[in-house]
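Every heavy atom of this structure was used, including side-chain atoms; hydrogens, water molecules and symmetry mates were not.
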Amino acid sequence: MSTNSILCSDTYPEFAVFFGAMGAASALIFANIGSGYGTAKSGIGLAHLSITKPERVMRGIVPVVMAGILGIYGMIVAVIINGGLAKTGDVKAYPSAAGYIHFGAGLSAGLSSLAAGLAIGIVGDTSVRAYGKQEKIFVAMVLMLIFAEALGLYGLIIALLMNGTASSVMTYECIPATSQ
């Protein structure tokens with residue numbers, strides 16, 4: 001064996017797929033936790049608004065809708081990462097670098113959406129209650145929600161860029177461990 005030879009087990013370890021799958025799972029799990037929290041927390045404020053000012057409920061539903069979008073971000077990233085896993089079809093054709101990058105991409109999208117969901121839930125609950133008392137707060141509420149939603153969007157963008165990087169990871173000709 002020459003000094004430039006690379007063992008397949010070094011470049012394409014079996015655990016690389018685990019990291020890729022964990023990236024897909026973490027994107028979906030954390031994004032849905034954020035989405036669920038944001039929906040529940042701002043939904044409490046919306047329920048309060050429906051008691052005090054029922055005619056304002058349709059405009060007050062904005063935070064609930066924005067929180068629900070966060071779950072879609074996680075699903076998009078999970079599906080894209082899964083496509084990168086399924087594309088290879090063979091565990092030995094999925095490099096460890098791709099697995100690590102997919103894991104990072106999933107964490108990027110998932111944790112960003114989690115943070116956005118926390119922000120949307122708190123801002124949504126408080127702002128919808130304030131909107132029940134003062135109609136002029138609506139524009140400020142929407143602006144705060146947009147900036148909170150942007151956190152999840154940033155994570156989605158970075159995850160998509162990282163997935164592009166994982167797709168272009170160099171593959172090497174390697175020597176199976178049995179032919180040493």
Side-chain angles (χ1 to χ4, degrees), residues 15-50 57-89 91 94-131 138-169:
F15 61 80
V17 176
F18 168 78
F19 281 99
M22 285 303 295
S26 62
L28 190 62
I29 291 167
F30 289 128
N32 283 332
I33 290 171
S35 179
Y37 178 83
T39 299
K41 184 78 169 149
S42 57
I44 292 168
L46 184 63
H48 182 266
L49 178 67
S50 70
V57 168
M58 287 312 291
R59 289 182 86 185
I61 204 166
V62 171
V64 175
V65 172
M66 292 183 81
I69 292 170
L70 297 172
I72 296 170
Y73 293 167
M75 186 183 71
I76 289 169
V77 172
V79 166
I80 290 172
I81 290 173
N82 187 54
L85 292 172
K87 182 173 54 177
T88 61
V91 174
Y94 187 70
S96 57
Y100 301 146
I101 294 170
H102 280 146
F103 184 57
L107 288 176
S108 170
L111 293 176
S112 294
S113 292
L114 175 60
L118 294 173
I120 288 171
I122 293 167
V123 168
D125 180 30
T126 307
S127 297
V128 167
R129 289 174 191 259
Y131 177 60
F138 183 75
V139 173
M141 174 182 78
V142 170
L143 286 173
M144 289 184 283
L145 291 170
I146 287 170
F147 286 113
E149 181 82 25
L151 298 173
L153 189 59
Y154 299 153
L156 172 67
I157 292 168
I158 294 302
L160 294 175
L161 292 172
M162 291 176 77
N163 185 65
T165 303
S167 299
S168 64
V169 168

Considering all heavy atoms of both residues, which atom of [X] and which atom of [Y] are nearest to each other, and what is their separation?
{"X": "Val77", "Y": "Ala159", "value": "CG2-CB, 3.8 Å"}
{"X": "Ala67", "Y": "Glu149", "value": "N-OE1, 4.4 Å"}
{"X": "Ala166", "Y": "Ile101", "value": "CB-CG2, 3.6 Å"}
{"X": "Val128", "Y": "Pro63", "value": "CG2-CG, 3.6 Å"}

Please check: side-chain N/O of [X] versus main-chain N/O of [Y], any donor-acceptor pairing under 3.5 Å?
{"X": "Ser26", "Y": "Met22", "value": "yes"}
{"X": "Ser42", "Y": "Gly121", "value": "no"}
{"X": "Ser50", "Y": "Ala47", "value": "yes"}

Test item: [X] and [Y] side chains (from C-beta on) under 4.5 Å apart, heavy atoms:
{"X": "Phe103", "Y": "Ile81", "value": "no"}
{"X": "Ile122", "Y": "Tyr37", "value": "yes"}
{"X": "Met66", "Y": "Ile146", "value": "yes"}
{"X": "Thr126", "Y": "Lys41", "value": "no"}
{"X": "Leu161", "Y": "Ile158", "value": "yes"}

Working to the nearest 0.5 Å, report the span between [atom1] of [X] and [atom2] of [Y].
{"X": "Tyr154", "Y": "Ile157", "atom1": "OH", "atom2": "CD1", "value": "8.0 Å"}
{"X": "Leu160", "Y": "Thr165", "atom1": "CG", "atom2": "OG1", "value": "11.0 Å"}
{"X": "Met162", "Y": "Ile80", "atom1": "CE", "atom2": "CD1", "value": "13.5 Å"}
{"X": "Ile44", "Y": "Thr39", "atom1": "CD1", "atom2": "OG1", "value": "11.0 Å"}
{"X": "Ile72", "Y": "Asn32", "atom1": "CD1", "atom2": "CG", "value": "10.0 Å"}
{"X": "Ser96", "Y": "Phe15", "atom1": "OG", "atom2": "CZ", "value": "6.0 Å"}

Could you point out which residue of Asp125, Ile69, Leu70, Val62 forms a side-chain contact (heavy atoms from CB on, under 4.5 Å) with Ile120?
Leu70
Could you pull out every donor-acceptor pair under 3.5 Å between side chains of residues 108-118 and any protein atom, sequence neighbours left out?
| residue | atom | partner | partner atom | Å |
| --- | --- | --- | --- | --- |
| Ser108 | OG | Gly155 | O | 3.3 |
| Ser112 | OG | Ser108 | O | 2.7 |
| Ser113 | OG | Ala109 | O | 3.0 |

Do the ring planes of Tyr94 and His102 sit parallel (below 30°), tilted (30 to 60°) or perpendicular (above 60°)?
parallel
Within 45° cone of Phe138 ring axis and under 6.0 Å: Arg59 NZ or CZ:
yes
